[in-house]
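A quick write-up on the structure given underneath.
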There are 4 protein chains.
Amino acid sequence: MHIDLHKIPQASPDDISGLDAIITAGKLKPAEIIAILGKTEGNGCVNDFTRGFATQSLKLYLGRHLEAEAAQQIIYIMSGGTEGVLSPHINVFTRRDDLPNAPKRWGLVMGTQRTRAFSAEEIGSMVMVETVAQSVRAAIQEAGLTPEHVHFVQIKCPLVQSSQKKQIGSTHSSYQSMADSRGASALGVALALGEIQPSQLQPESICRDFSLYSKVASTSAGVELQTCEIFVLGNAAHSTSDLIVGHDVMQHALDSEAVNRVIASTGQLVDQVVNVFAKAEADPSGLVLGRRHTMLDDSDISHTRMARAVVGSVIASVVQDPMVYVSGGSEHQGPPGGGPIAVIATQ
Amino acid sequence: MHIDLHKIPQASPDDISGLDAIITAGKLKPAEIIAILGKTEGNGCVNDFTRGFATQSLKLYLGRHLEAEAAQQIIYIMSGGTEGVLSPHINVFTRRDDLPNAPKRWGLVMGTQRTRAFSAEEIGSMVMVETVAQSVRAAIQEAGLTPEHVHFVQIKCPLVQSSQKKQIGSTHSSYQSMADSRGASALGVALALGEIQPSQLQPESICRDFSLYSKVASTSAGVELQTCEIFVLGNAAHSTSDLIVGHDVMQHALDSEAVNRVIASTGQLVDQVVNVFAKAEADPSGLVLGRRHTMLDDSDISHTRMARAVVGSVIASVVQDPMVYVSGGSEHQGPPGGGPIAVIATQ
Amino acid sequence: MHIDLHKIPQASPDDISGLDAIITAGKLKPAEIIAILGKTEGNGCVNDFTRGFATQSLKLYLGRHLEAEAAQQIIYIMSGGTEGVLSPHINVFTRRDDLPNAPKRWGLVMGTQRTRAFSAEEIGSMVMVETVAQSVRAAIQEAGLTPEHVHFVQIKCPLVQSSQKKQIGSTHSSYQSMADSRGASALGVALALGEIQPSQLQPESICRDFSLYSKVASTSAGVELQTCEIFVLGNAAHSTSDLIVGHDVMQHALDSEAVNRVIASTGQLVDQVVNVFAKAEADPSGLVLGRRHTMLDDSDISHTRMARAVVGSVIASVVQDPMVYVSGGSEHQGPPGGGPIAVIATQ
Amino acid sequence: MHIDLHKIPQASPDDISGLDAIITAGKLKPAEIIAILGKTEGNGCVNDFTRGFATQSLKLYLGRHLEAEAAQQIIYIMSGGTEGVLSPHINVFTRRDDLPNAPKRWGLVMGTQRTRAFSAEEIGSMVMVETVAQSVRAAIQEAGLTPEHVHFVQIKCPLVQSSQKKQIGSTHSSYQSMADSRGASALGVALALGEIQPSQLQPESICRDFSLYSKVASTSAGVELQTCEIFVLGNAAHSTSDLIVGHDVMQHALDSEAVNRVIASTGQLVDQVVNVFAKAEADPSGLVLGRRHTMLDDSDISHTRMARAVVGSVIASVVQDPMVYVSGGSEHQGPPGGGPIAVIATQ
């Protein structure tokens, strides 16, 4: 299995010029694309339509280069919010069969899956946790991975819009439903990887007992889908990729040591980092390193937006590149106030 | 001259409990306070009333401990905006005559000044530049400093409110008047220190020719005053303080090297840092390290807010303390997209 | 009993110049002030410090004109948020004994009360409902009113800050605690006035069963107090006031008919309206008059802010005066999406 | 000439289900569409991608029903911002040749035009004014109108993004460029209709001398185009439409009388109103009806957003329908603080 990753800047959510240039130059074959993970410049919250706009634009473009069925197999995950220095871009993952005689070495492999569609009632429930877990296991198998070598599981999950809330008698806001959906999806990953045991998990644990978490899950909610779309990254011996992936956990938003550590874990230098993938949240304790922060009490700016700005700045200052992937809302993804971090580097 | 600095957390803009505890414990004499520099939790823009609220609360409290005239001598500078991890606090600077036999060593000294009140027309003009320069020179003299050993000049300057704009026929927004006021004040510092020559400066340079800048000026605009309030920090041989100050320039928002360098310049370790004082702005080129940022095109969040979040995170990740002073809008304060940074450390 | 009302513009939260002018001119005696109800220009949400700033400024000013004890008797209720055309102002209510031979006629009377302080756990609970009900009954009695002639009950209630949440293990946001506090206070009014019966009310009704509501309650939450401060307005035969009050209910945000109706209910013309007091909320159904609104899904602007802008505009367009009192968050205050509206007019 | 108008709700910017239902039912022929004017739910400012998303979605859908050339002839104008009660929708205008024997009566006619693309330097300049004027004259002629019977001229115009600003050495923000573009386009309308004379207009008048304005222009700026797209509505004797259009001018944001007057001008009752088209702006004097408003000093919410919320509420409260078209930023469109208002009604 040969996985490649192209990190491509976007000048706007519908900008496909960068992708087109690479395809036109023959450096990327559309038929080999299996997933596109993007950071778009909306607010990353409920009414962020930049995610859908980017997805529609990519599908429209790739639809001209691919058979309808092939185009539909691609996993599109757009995470909104490029606050602070974060720079809008897409990560285009390709997979192809190995070239004859391609040398195998310990390196990046990848699997993808899609769950069935969830109803509004199911979003954030145990049904969602278990359905996601099942699909994550399938993706791991598809990649030829063992759970201990999984370094990153990205999921795009649905939210409940205010128009649906009434139907299900929900008293929660749409914004809260994003948290519930991210949390349940992350617990699905933790379950699939054995990070938590089924016996530890109760329906009331979801978005309440944050001592339960995955160290590799990264989940984003969006208005533009009803299923969960999943991809899994890890290292394996049957890889022929030039890339390698590692992961670690940021214990808090300013944990720059974890950033250095995860780079080191790939055995590569900072200059060889292709991209960093991290989750961010405003510390629910109201404190960072013992100091009060004001993110949770700021009614003008959603705390997820500020959390991305912070963690994005910390990571970008280490790798000296603001084009990194930081996604907000890390319910059950790493410890409270912290989050998983993964790095893909060229080896 | 003996200068001391107490960094005190605030739970809200009107929280004087921390200051009261220190005064009650006999660790700080109200009569020795010469300046209070605070970070308050408003938006740091036009309608940020947390600055005035904090100032009123401090004056109300200190008015009970001081003669009316002594209370009026104190310089209050509140800078709004604790985005991201930045933590609301005040820096209380005290100055007293040396104790008998106090050993002198190269260390912190300080001077303060107030300009006359400015009219709405004068805000952001050459008249402001020159009036500020004169007062900065007076503050340097008061501190017993030479210009080359000045490391930080903090100024609080006025803005033009929309109610005043009509009178003066301005087509600028109040938000723009904040930039003009900060820019003219910073050029006043540069002029006073010889960083720029009078011949280089034209009226049309203000907030246009950003190749002209000070490396030590830090200016904040606020609705609550009509004068400029100024304090100057530097090192001198006649100091008996345990503190020492240094400065450097961040070339861009992610210049963590400059943070390390300025700490090293004080000859102290990171653990001895009392506070860091820095300016931040969204790079006007639209790029940080060659990557597009979206701060200037985000109509939901003022770019000054995001710039503070970024630089605050970078500095806090180095010193592992989010209670640092980062102020937004660095017109003529350091190079475009960067800004001055100063550190006070215990020696 | 002689009640008077002065509506005074404010140029900023700490502007007491208007009040000072009236007092200096001898038109208002500080000792007769019993309540000040203001609209301040903050966001009206958790981190709105304009309320506390206005209150502190008023107390500071009146402290110079009153004995300490008299000053402490005044009820200060500042409601944040002057979105759209709403214009910052204070309503200063005075009460004095009748002048000898003052002619009595059906008109405005008023009572005030303060509850005990509430703990974080009690905010939004049945304990709060019942404690408020008791105090409302006391205020009605103080005013010499009968429940059927009560037209407006204003309450300022506390919220739970994020720093307190951890202590009580709350999973709710501070923003949600504002809703809970407003809702419980409003149910307290409904209970006191017999609008709902004790048997109808369960702990789980609070902020869930919105078929239970008061037609005269107006409650605002703020960070600056731990008690509930209450005043009650109604008409009675023992009044010697030139003022009269009436109330009605807006069924939805665009119910301009209710605005016309409430004015008519006072028997006066629109030109005699002194002020209008109304509650606003974004319709929780997601629809206004059958059309989708986007207030609840807008993650950039709190829906309470937009709701005030809407209802403020509708009322101001009827009375052709934007200096009206519209407060956000009408949980259990009028029907869902609507809210109580009261008018004070000169007769 | 037979003009028809379908007002169609949208559940999201990419929702074409309503349009599809009408087309599928045979009530609207895609080939007859000449213009689509929409209100989308973004912030209506620089980074509002809902406009582009809606346009792309409509083009994608109609591309399946139309020849490529016909699809390209349609004018798409999406105006962002459905603050307050405003409800996202599209207005689909169709034009067809008259049916044989169709009775002619005084009623709606319509013309469309597109200008050439503008460079960043030209946006907001006299070149833009004159180029727009020329195209407006052409659209009037195409409609068979005389200038005195033109009631509404809608223009979508480009803005300068921050990435382009550097190239042209602009010190203005992208947000300001939206105002300049709207202003120049509106002056183009005024010039074409003889509302102002060429001799009155100097380059420095644009966005400065607001005594110059059009009473029928409605201009919106957006990131998604470089040309101006224009349509003109008026009444003429050669119409066979069931619709009639009228216009008036709101003198201020609360001018509900103007709303009643413009409906009356069509000779129809309020129930026959199909849609209202109006422009809104925060009064640049800082006052509405003599009362201070805070929209221009609110650094958390763009004043254009609040202005739309206000005027939308006022109009919706008169017609009791929140699905009306209110667009922000009325530079040279009506008097300062006010704006043009047009009504299309069934006769």
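Numbered from 1 within each chain, the chains take letters A, B, ... in sequence-line order.
- Considering P284(A), P336(A), S330(A), P335(A) as possible partners of F210(A), the one that fulfils the side-chain contact (heavy atoms from CB on, under 4.5 Å) test is P336(A).
- Heavy-atom distances place the side chain of D298(B), and not its backbone, under 4.5 Å from chain A.
- Side-chain contact, H303(A) with D297(A): no donor N or O sits under 3.5 Å from an acceptor N or O.
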Q: Would you sort out whether S265(B) and D248(B) count as a side chain to side chain contact (heavy atoms under 4.5 Å, CB included), showing the intermediate values?
A: CA-CA 8 Å; S265(B) 81; D248(B) 209 302; 5.7 Å; no
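- Proximity to chain B is limited to the side chain of I301(A), based on heavy atoms less than 4.5 angstrom apart.
- No part of N43(A) comes within reach of chain B, as not one of its non-hydrogen atoms sits under 4.5 angstrom from that chain.
- The closest side-chain donor-acceptor pair between E281(B) and T304(B), if any, does not fall under 3.5 angstrom.
- Top candidate by heavy-atom pairs under 4.5 Å with chain B, chosen from S256(A), P9(A), A11(A), is A11(A).
- Looking at S12(B), only its backbone comes within 4.5 Å of chain A, counting heavy atoms on both sides.
- At distances below 3.5 Å, at least one donor-acceptor pair connects side-chain atoms of Q154(A) with backbone N or O atoms of S218(A).
- Only the side chain of H252(A) comes within less than 4.5 Å of a heavy atom in chain B; its backbone stays farther off.
- Taking the six-membered ring wherever Trp is involved, the centroid distance between the rings of F152(B) and H247(B) does not fall below 6.0 Å.
- Within the 4.5 angstrom heavy-atom criterion, no atom of E257(B) approaches chain A.
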